[in-house]
Asks: 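Quick one: this structure, given as structure tokens, is what I'll be asking you about.
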Amino acid sequence: MATILENHSADPMMPVPFRVQRLRQDTYDTFTLELQPANGVRKFAFAAGQFNMLYVFGVGEVPISISGDPAKPQTLVHTTRAVGVVTKAMRKLQRGGMVGVRGPFGTHWPVAEALGSDVVIVAGGIGLAPLRPALYALLARREKYGKVVLLYGARTPEDILYRRELERWRARLDLEVYVTVDRAAGNWRGNVGVVTTLIPKAPFDPRSAVAMVCGPEIMMRFTMLELQKRGVATENIFLSMERNMKCAVGFCGHCQFGPAFICKDGPVFRYDQIKELFAKREI
Amino acid sequence: METLEPILAEHPFLQGLEPRHLHLIVGCASNVRFEAGQFLCREGEEADQFYIIRHGKVAVEIFGAQKGPITIQTIGEGEILGWSWLIPPYHWHFDARAVELTRAIALDGKCLRTKCENDHDLGYELLKRFSHVMEQRLEATRLQLLDVYGNNS
């Protein structure tokens, strides 16, 4: 796996300058940043599921999952929602603007470990962004996997992320894509209902399937129940946690999750290893 | 003559039902088909049926003044539409409209209610299965209401 040392700087706390190549508004409150290194480094190696700390100079720093293609390390892609001071400032960046990058950090999706298995990806809301690199990696070696199924739930049709890409994926004959929204009006002809309702009907073999899940914690809790009801083993379920990451290297303790730190022991965890913690109300 | 019994026997909702009960249910069943846009039921009308969806997709809707139809759920292959036939006063609470060509088996509610009254074992068996469907729908509805994908999630 690539580390910050290979990518940029010897000091993991030191942001490396990147230049905004493109900023695309995905939905009314989410946007995608495409960045290129400003210091001559040509590649940014990362594994699907890892995240970076993005620093808007003079404003602050936030952890954001990498949502681009690991096979295309020339451009660093991040999709995020404009909710806080930093991400709102980030949305206002123009082409050529500067961002500080620390990373990549954390664990990754078990793309290699899933070779030969069916793979079911369950994404909720903006949780599709950290899973997109896994999908790219799976599709790059599509013949090495069994069935690949994407189950995606969004709030409304207007909140659907990567809409054009979803349409392209849906058109593929070697990928099953199911999209559902929590509520819809007008001429929406797709599914309505929570993403967990797609799990019982999804075409994968639960005995061999590897599940990768990302979304709000509540959604993931119910997804875990449905996957287990369907017969997927807990050691084959992986989820990406998002908590308050600050330093990204396990020093500050902001993202402590029992004996683990989300930033360095996660964000991707194997479910059976955090099952007990996941069920605790205060952790 | 070929009956709907083998189709009903294989349907997840009725799987494992005793043959005598299945035989009773078949007497109340008929094949139906709805074109896209056609209503399966309308809010307020008498709920004299429920549907076992075989193919297609049905949108459960509520009509809001100034908002028009709002889809609150879609139901597809292998799922059940309607339990109002089971609970007095037997009126539909929502509209249900085929989103695409939909094939289903319609079960006559009045016919089934009579059979359930005469054979409480059948009634209890159906009630257990409908309770499960209701529980799943209630849980899904609560999750929808939580609005987990919103800004505050």
Side-chain angles (χ1 to χ4, degrees), chain A residues 27-30 80-84 87-88 122-129 152-161 178-203 214-223 225-226 229-230 242, chain B residues 11-13 15 34-38 52-81 94-102 132-153:
Chain A
T27 69
Y28 72 98
D29 65 349
T30 59
T80 190
R81 176 182 279 152
V83 280
T87 47
K88 281 178 181 166
V122 189
I126 200 164
L128 183 57
Y152 175 46
R155 190 190 202 186
T156 69
E158 293 72 37
D159 291 297
I160 290 172
L161 209 54
Y178 299 89
V179 178
T180 187
V181 297
D182 275 5
R183 66 184 86 115
N187 54 4
W188 172 252
R189 294 174 58 81
N191 292 310
V192 178
V194 286
V195 69
T196 50
T197 60
L198 299 176
I199 294 169
K201 296 179 282 181
C214 188
E217 277 191 35
I218 298 170
M219 167 253 163
M220 290 203 287
R221 260 177 23 218
F222 284 91
T223 299
L225 292 176
E226 282 301 327
K229 245 191 254 177
R230 180 79 193 265
E242 279 191 23
Chain B
H11 194 277
F13 181 69
Q15 258 174 16
F34 299 92
E35 300 295 331
Q38 201 177 344
I52 291 176
I53 309 297
R54 296 179 64 191
H55 302 287
K57 186 190 290 176
V58 177
V60 179
E61 298 176 343
I62 187 158
F63 190 88
Q66 297 168 350
K67 284 189 172 177
I70 299 163
T71 304
I72 54 170
Q73 175 190 21
T74 48
I75 292 169
E77 189 178 330
E79 293 183 295
I80 299 295
L81 172 72
F94 301 102
D95 298 331
R97 187 199 327 230
V99 177
E100 56 196 43
L101 173 66
T102 298
H132 184 58
V133 174
M134 290 178 193
E135 181 265 335
Q136 285 178 322
R137 301 267 163 89
L138 177 63
E139 184 177 293
T141 305
R142 284 178 167 170
L143 277 176
Q144 275 172 294
L145 288 172
L146 281 173
D147 192 20
V148 293
Y149 309 129
N151 275 343
N152 299 322
S153 63

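Computed over heavy atoms, backbone and side chain alike; hydrogens, waters and symmetry mates excluded. All values reported here derive from a predicted model rather than from experimental measurement.
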Asks: Can we say A:R81 and A:D29 salt-bridge, meaning some charged N sits less than 4.0 Å from an Asp/Glu carboxylate O?
Replies: yes
Asks: Work out which heavy atom in B:G78 is nearest to a heavy atom in B:P12; give both atom names and the distance.
Replies: O-CG, 4.3 Å
Asks: Heavy-atom distances under 4.5 Å only: say whether B:I72 touches chain A with side chain, backbone, both or neither.
Replies: backbone
Asks: Who among A:P200, A:G190, A:A185 has the most heavy-atom pairs with chain B under 4.5 Å?
Replies: A:G190
Asks: Salt bridge between B:E61 and B:R97, side-chain N to carboxylate O under 4.0 Å?
Replies: yes
Asks: If you draw a 6.0 Å radius around CD in A:E242, do more than 12 non-hydrogen atoms from other residues or ligands fall strictly inside?
Replies: no
Asks: If you define the side chain from C-beta out and look only at heavy atoms, does anything of B:Q144 sit under 4.5 Å from A:V192?
Replies: yes
Asks: Should the pair B:R142-B:E139 be classified as a salt bridge under the 4.0 Å nitrogen-to-oxygen rule?
Replies: no
Asks: Shorter than 4.5 Å, heavy atoms on both sides: which option in B:R137, B:E100, B:E79 has the most such pairs with chain A?
Replies: B:E79
Asks: Given a strict heavy-atom distance threshold of 4.5 Å, which part of B:L146 is in contact with chain A: side chain, backbone, both, or neither?
Replies: side chain
Asks: Check each atom of B:A59 against the heavy atoms of chain A and say whether the ones under 4.5 Å are side chain, backbone, both or neither.
Replies: neither
Asks: Below 4.5 Å, heavy-atom pairs only: which of A:I218, A:T196, A:N191 has the largest tally toward chain B?
Replies: A:N191
Asks: Name the option with the most non-hydrogen atom pairs under 4.5 Å to chain B; the candidates are A:G215, A:A184, A:G193.
Replies: A:A184
